[in-house]
Amino acid sequence: MPEETGTRARAGGATGAAGRNLLFLREEELRLAQDLLFFGYRDFTAGPDAILAEIGMGRAHHRVLHFLGRRPGLTVGELLSILSITKQSLSRVLTPLMEQGYVAQAPGRADRRQRLLSLTPAGEALERRLFERQRETVTRAYREAGPVAVEGFRHVMRGLMGPEARRALERLGGTDRPSVSAVPPAGSTGPAKGKTP
């Protein structure tokens, strides 16, 4: 009898712990998650938004600059797939980037009908400036949170992605990610270009 009581107590304790562990699934907690995503994204993009506004551009241009910085030589089709937008929308974004000398295109080597996109030196400089502004924000947040929280954040962000977005991330090298111990210590210059902070 005492053994049975002990077993029930242990089972009840496990259930209680599981119940506590699921508190983050309550509606109020999920709404808080939405708040965190909204406000985090707002402040994460504020710096680059200000830089881009100086040259009459915005976040759509930033996304193109970012992905061409990550993968020079993307085809128009690959960029369309990554951004999940129409050709018309991409054209509206690419045209000013090319006219102002930030993006160049070249025909494909095997298929001359392909258009390969890459950043010009001016485009690389602008993309680097935008990256460094956001790197400061992410590095500070990573350092304050610590490696366990950083790994948890990565799991959550991957969980928010659908299959197509995950495939795009893999193609960009996002699964071959550095260890969380690679978060630079205070005062360092941070990761090399092309590495995620």
Side-chain angles (χ1 to χ4, degrees), residues 13-71 79-86 89-90 92-93 126-188 190-191 194-197:
T15 303
R20 283 194 300 277
N21 288 338
L22 293 175
L23 288 178
F24 57 80
L25 295 178
R26 292 186 308 183
E27 181 173 330
E28 189 52 38
E29 295 295 325
L30 295 173
R31 286 189 177 276
L32 173 60
Q34 288 180 306
D35 293 344
L36 292 168
L37 284 166
F38 283 130
F39 286 116
Y41 185 70
R42 184 196 70 180
D43 289 358
F44 174 68
T45 54
D49 283 353
I51 293 169
L52 288 161
E54 294 170 7
I55 55 173
M57 294 190 184
R59 290 181 193 171
H61 304 94
H62 187 187
R63 285 191 281 272
V64 170
L65 292 165
H66 169 79
F67 288 115
L68 292 182
R70 293 283 282 150
R71 281 276 308 278
L79 190 56
L80 282 170
S81 176
I82 288 169
L83 297 175
S84 193
I85 59 176
T86 65
S89 296
L90 180 58
R92 282 195 295 269
V93 175
L126 176 58
E127 191 278 332
R128 185 70 190 176
R129 187 179 170 203
L130 298 169
F131 167 72
E132 287 177 352
R133 187 68 176 266
Q134 289 186 317
R135 180 178 67 185
E136 294 170 12
T137 304
V138 176
T139 300
R140 184 182 67 248
Y142 272 14
R143 193 178 291 122
E144 288 174 2
V148 174
V150 169
E151 192 60 31
F153 165 75
R154 289 174 172 172
H155 282 295
V156 170
M157 293 308 291
R158 281 180 171 80
L160 291 174
M161 296 176 195
E164 188 177 330
R166 289 187 188 191
R167 284 192 295 272
L169 180 66
E170 286 171 16
R171 288 196 298 273
L172 290 167
T175 53
D176 183 25
R177 61 188 190 268
S179 162
V180 289
S181 62
V183 176
S188 78
K195 300 290 184 185
T196 49

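Keep in mind it's a predicted model, so treat the numbers as computed, not measured.
Few gaps surround CD on Glu29; more than 12 heavy atoms of other groups in view lie less than 6.0 Å from it.
Residues Leu172 and Arg70 approach most closely at O-NH2, 3.5 Å, considering heavy atoms. Between Arg92 and His61, the closest heavy-atom pair is O-NE2, 4.5 Å. For the pair Arg171 and Ser81, the tightest heavy-atom approach, listed with the atom from each and the gap, is NH2-OG, 3.7 Å. Counting all heavy atoms, side chain and backbone alike, Leu80 lies closest to Thr86 at CD2-O, 3.5 Å. When all heavy atoms are compared, the tightest approach of Arg166 to Gly159 is NH2-CA, 3.5 Å.
With a 4.5 Å cut-off on side-chain heavy atoms, Leu83 and Val93 do not count as touching. Side-chain contact check for His62 versus Gln134: some heavy-atom pair is nearer than 4.5 Å. Two residues are said to be in side-chain contact when any heavy atoms from C-beta on lie closer than 4.5 Å; Leu169 and Arg158 meet this criterion. Using a 4.5 Å heavy-atom threshold, the side chains of Leu79 and Ile85 count as separate.
The CG atom of Asp35 sits 8.5 Å away from atom CZ of Arg31, with the distance rounded to the nearest 0.5 Å. The line from CD1 of Ile55 to CG of Leu126 is 4.5 Å long, rounded to the nearest 0.5 Å. The structure places CZ of Arg140 at 13.5 Å from CZ of Arg135, a figure rounded to the nearest 0.5 Å. Taken to the nearest 0.5 Å, the CG atom of Leu52 stands 9.0 Å off from the CZ atom of Arg129.
Remark: Glu136 engages no residue in a salt bridge (charged side-chain N to carboxylate O under 4.0 Å, His left out) (not counting sequence neighbours).
Sorted by first and then second residue, the pairs that involve residues 41-54 and meet side chain to side chain donor-acceptor pair (under 3.5 Å), not counting sequence neighbours, are Thr45-Arg59, Asp49-Arg59.
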